[in-house]
Amino acid sequence: MTEIRELLLSRIRDVADYPEPGVMFKDITPLLADPAAFSALSDALADIARATGATKVVGLEARGFILGAPVAVRAGLGFIPVRKAGKLPGATLSQAYDLEYGSAEIEVHAEDLSADDRVLVVDDVLATGGTAEASVQLIRRAGAEVAGLAVLMELGFLGGRARLEPAMAGAPLEALLTV
């Protein structure tokens, strides 16, 4: 696993002062452009999906779509997108959550999850944990069980894990990298 971590870290680019001064943005596009690194990432997350006994993978808009879809395919599972409000046609369930300055809302198709599903949530980054926490609440409201949450990278200094762990109710929270 050390080799995979080193490969992944070597393909993440730091971009200073983006999206605003003082922020060091972690850009994963070089990782996605490298087939060996992207494949290693997909395999590592698919291993987590299998280990949790997941039956579905939820990807959070937008980079969670990029990571979650190949994970679902590799693990032989269905993929469910969780989108920003107003982006899905048909009947949806929604979950509002607070941001640093304001609020947001995410949605899932109501019929995509059932009581028989164990769901692994996949995203690129765990930062403050707000979107991930809302997705966990949304999955439970849909009647499904949360099998775990897996991210490429956790920004430990933002405290997302501490916020999210109570909502996880014992389900695993896996980060391949912590920065």
Side-chain angles (χ1 to χ4, degrees), residues 1-34 36-49 51-52 54 57-72 81-85 95-106 108 119-139 146-179:
M1 193 59 145
T2 301
E3 287 179 26
I4 292 173
R5 285 188 177 106
E6 289 175 10
L7 173 63
L8 298 176
L9 273 173
S10 74
R11 301 303 188 274
I12 296 171
R13 179 175 61 134
D14 287 342
V15 180
D17 298 322
Y18 183 83
E20 59 187 52
V23 174
M24 181 64 71
F25 185 79
K26 300 293 187 182
D27 180 16
I28 68 166
T29 58
L31 187 157
L32 299 174
D34 180 326
F38 193 13
S39 184
L41 171 59
S42 298
D43 286 342
L45 292 172
D47 287 346
I48 293 169
T52 64
V57 171
V58 156
L60 304 182
E61 189 166 336
R63 289 178 297 270
F65 296 175
I66 297 168
L67 302 185
V71 167
V82 167
R83 306 235 25 212
K84 294 174 183 166
Q95 181 68 46
Y97 62 101
D98 291 329
L99 299 169
E100 188 175 356
Y101 302 105
S103 63
E105 194 171 356
I106 55 173
V108 67
V119 180
L120 177 69
V121 178
V122 172
D123 206 3
D124 64 329
V125 174
L126 174 61
T128 63
T131 307
E133 182 181 38
S135 72
V136 166
Q137 293 167 346
L138 187 59
I139 290 162
V146 176
L149 184 134
V151 296
L152 164 60
M153 183 175 17
E154 177 180 352
L155 304 180
F157 61 93
L158 291 177
R161 181 175 292 266
R163 174 182 180 167
L164 193 53
E165 281 183 336
M168 295 299 294
L173 172 51
E174 302 281 343
L176 298 178
L177 305 171
T178 301
V179 295

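Side chains are part of it too, since the values below use all heavy atoms of this structure and drop only hydrogens, waters and symmetry mates. Everything numeric in this text was worked out from a predicted model, so none of it was measured.
Nearest heavy-atom pair, F65 versus G59, reported as atom, atom and distance to 0.1 Å: CE2-O, 3.3 Å. Scanning both residues, Q95 and A134, for their nearest heavy atoms gives CG-O, 3.5 Å. Looking at every heavy atom in both residues, P70 comes nearest to F38 through CG-CZ, 4.1 Å. Closest non-hydrogen pair, P172 versus A147, comes out as CD-O, 3.2 Å. In terms of heavy atoms, T52 sits closest to A49 at OG1-O, 2.9 Å. Taking all atoms of both residues into account, the shortest heavy-atom contact from L149 to L120 is N-CD1, 3.7 Å.
Rounded to the nearest 0.5 Å, atoms CG (L173) and CE (M168) are 5.5 Å apart. Rounding to the nearest 0.5 angstrom, the gap separating the CG atom in L126 from the CE atom in M153 is 10.5 Å. In this structure, CG on L152 lies 13.0 Å from CZ on R11, to the nearest 0.5 angstrom. Between the CG atom in L138 and the OG1 atom in T131 there is a gap of 12.0 Å [rounded to 0.5 Å]. Distance check, rounded to the nearest 0.5 Å: CG of D124 to CZ of R63 gives 4.0 Å. The CG atom of L31 sits 7.0 Å away from the CG atom of L7 when rounded to the nearest 0.5 Å.
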Decide yes or no on side-chain contact (heavy atoms from CB on, under 4.5 Å) for L155 and V179, but give the supporting numbers first. CA-CA 5 Å; L155 304 180; V179 295; 3.2 Å; yes
Test I12 against L177 for side-chain contact (heavy atoms from CB on, under 4.5 Å), laying out the working first. CA-CA 11 Å; I12 296 171; L177 305 171; 3.6 Å; yes
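Using a 4.5 Å cut-off on side-chain heavy atoms (C-beta onward), V121 and L60 make contact. Contact annotation: the side chain of S39 approaches that of D43 to within less than 4.5 Å [non-hydrogen atoms, C-beta and beyond]. Taking 4.5 Å as the limit, every side-chain heavy atom of V58 sits out of range of all side-chain heavy atoms of V108. L67 has its side chain within reach of L32: a pair of non-hydrogen atoms, C-beta onward, lies under 4.5 Å apart. The closest side-chain heavy-atom distance from L176 to I48 is below 4.5 Å. Residues I28 and I66 form no side-chain contact, since every pair of their non-hydrogen atoms from C-beta on lies 4.5 Å or further apart.
Listed by chain and residue number, nothing satisfies the salt bridge (charged side-chain N to carboxylate O under 4.0 Å, His left out) test with E174 (two or more places apart in sequence, or in another chain).
Atom CZ of F25 has more than 12 heavy atoms from other residues, nucleotides or ligands within 6.0 Å.
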